[in-house]
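To start, the structure itself, in structure tokens.
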Protein chains: 2
Amino acid sequence: MHQASDGIHLDSSLGYALKEASSALRSAMEEALRPLGMTITHYSCLELLAQGPGMSGSELARGAFVTRQSMHVLLQTLERDGAVERPPEDAVGKALPVRLTARGRASLAAATVAVRDVERRMLDGLGDAEQQRVLDALHRMTRSLRADAPRGA
Amino acid sequence: MHQASDGIHLDSSLGYALKEASSALRSAMEEALRPLGMTITHYSCLELLAQGPGMSGSELARGAFVTRQSMHVLLQTLERDGAVERPPEDAVGKALPVRLTARGRASLAAATVAVRDVERRMLDGLGDAEQQRVLDALHRMTRSLRADAPRGA
DNA sequence: TGGTGCATGTCAGTAGTCTGACATAGACTC
DNA sequence: GAGTCTATGTCAGACTACTGACATGCACCA
């Protein structure tokens, strides 16, 4: 019913389009990562660690857009599975740096293959200049939204 | 620690920027709707019903980017609170059209005030032409991502 | 020296969403 | 007419992420 209602006014809303694209990206990534038994936050954490070794749990949480409590439980799982390690003697103040293990790097490498394909598909119809413009616009939007809401995550 | 690690390579990834902007929008909307005791999906459902009266639960789920199971439990709450109604005699096949009540419309009106402000803030630094370009780009990205993954939700 | 503020790590409880499964209604085919 | 496919509604269980709360460590300042 109401096939026409799929696109009336909402399709002209940038906020709705943003949520739509984000949802499509999330679905595609979940689908790509599921065969590997990995969630998006799981993957994001490994990717962040590859680019910034020694990041703390709170930093990883901010980078993956979850709370530090959520990242905490994820890190427990990753540590149990031997993908990351955080030796207590490395502690800097209260922060405890996290590092990838060989196993974690292998896990990330496998996931990267699947994820790269999703991102390639997403960018399929966009030229380089357009990608840059959209990137800039998204950054400005993010900054404006956070200006009035300085949340920790 | 590692303040520099906040922006190395990931800031040049459109996928990451998309997730970042979406996360910022979600946070801002949650913050705006919380005083009203309303979640984003809650609001989305009401907004969809205002624009397309008589939508089915499955249609609402697709429009709000959740599963029809999630929308089902939400509709139970909304119906219990008297925000929506779906008289069994209106059933078209198995689909059961949902409609806003006066109470639901009032609830939506209050939420709209808060949400409009968030969207205004988000678009603050973007010109009209740029908004249109970004909107088009997001739609193309969404379509490309779904091309290979025709999921129901 | 003590106090204030802020960030981090951690524990506990809650809430929203998801996957899996089943039954039903309509459309289409043979 | 029977069979198949698709869409919808619904129930049940599991999971992920969240909010709230507390303790610790460091920086700053009076």
Side-chain angles (χ1 to χ4, degrees), chain A residues 1-3 6 19 22-23 26-27 29-31 33-35 37-45 54-80 84 86-98 150-153, chain B residues 1-3 5-6 19 22-23 26-31 33-35 37-45 54-80 84 86-98 150-153:
Chain A
M1 62 172 69
H2 289 284
Q3 183 69 0
D6 281 348
K19 189 174 175 183
S22 170
S23 171
R26 181 174 52 80
S27 291
M29 287 190 64
E30 279 173 352
E31 187 176 357
L33 292 172
R34 185 164 313 148
M38 208 181 291
T39 67
I40 296 181
T41 306
H42 192 130
Y43 162 76
S44 299
C45 179
M55 289 177 75
S56 70
S58 289
E59 284 178 314
L60 290 168
R62 282 192 292 271
F65 309 110
V66 295
T67 62
R68 64 185 194 278
Q69 293 91 331
S70 297
M71 184 54 69
H72 176 65
V73 304
L74 172 60
L75 285 174
Q76 286 179 325
T77 303
L78 291 177
E79 199 169 9
R80 176 175 55 74
V84 306
R86 41 177 182 174
E89 60 266 26
D90 288 4
V92 180
K94 185 148 204 212
L96 191 51
V98 184
R151 350 206 97 278
Chain B
M1 59 172 66
H2 290 284
Q3 184 68 4
S5 65
D6 281 348
K19 189 174 174 182
S22 171
S23 171
R26 181 174 51 80
S27 290
M29 286 190 65
E30 280 174 353
E31 187 176 358
L33 292 173
R34 185 164 314 145
M38 209 180 290
T39 67
I40 296 180
T41 306
H42 192 129
Y43 162 75
S44 300
C45 178
M55 290 177 74
S56 70
S58 289
E59 285 178 315
L60 289 168
R62 281 191 293 270
F65 310 110
V66 296
T67 61
R68 65 185 193 278
Q69 292 91 331
S70 297
M71 184 54 70
H72 176 65
V73 304
L74 173 60
L75 284 174
Q76 286 180 324
T77 303
L78 291 178
E79 198 168 11
R80 177 175 55 76
V84 306
R86 40 177 183 174
E89 59 269 24
D90 288 3
V92 180
K94 187 150 203 213
L96 191 52
V98 184
R151 353 204 95 278

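The structure presented is a predicted model; accordingly, all values stated were derived computationally and were not measured. Numbered from 1 within each chain, the chains take letters A, B, ... in sequence-line order.
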From [atom1] of [X] over to [atom2] of [N], roughly how many Å is that when rounded to an integer?
| X | N | atom1 | atom2 | answer |
| --- | --- | --- | --- | --- |
| B/M71 | C/dG16 | CE | P | 13 Å |
| A/L96 | D/dG25 | CG | C1' | 13 Å |
| B/L78 | C/dG16 | CG | P | 11 Å |

Any side-chain N or O of [X] under 4.0 Å from OP1/OP2 of [N]?
| X | N | value |
| --- | --- | --- |
| B/H72 | D/dT10 | yes |
| B/S56 | D/dA7 | no |
| B/Q76 | C/dG16 | no |

Do [X] and [Y] come within less than 4.5 Å of each other through their side chains, counting heavy atoms only?
| X | Y | value |
| --- | --- | --- |
| A/H72 | A/T67 | no |
| B/I40 | B/S44 | yes |
| B/R34 | B/E30 | yes |

What is the bend of the helix from C/dT1-D/dA30 to C/dC30-D/dG1 when you compare the axis at one end with the axis at the other, using five pairs each and rounding to 10°?
-> 30°

Nearest non-hydrogen partners of A/T39 and A/L33, listed with the distance = O-CD1, 3.7 Å

Out of curiosity, [X] [atom1] to [Y] [atom2], how far, rounded to the nearest 0.5 Å?
| X | Y | atom1 | atom2 | answer |
| --- | --- | --- | --- | --- |
| A/R62 | A/S56 | CZ | OG | 6.5 Å |
| A/L74 | A/Q69 | CG | CD | 13.5 Å |
| A/S58 | A/K94 | OG | NZ | 10.0 Å |

Could you run down nucleotides 17-24 of chain C 5' to 3' and tag each one B, S or - for protein heavy-atom contact under 4.0 Å?
-> SBBBB-BB

A/R68 meets the salt bridge (charged side-chain N to carboxylate O under 4.0 Å, His left out) criterion, sequence neighbours left out, with none

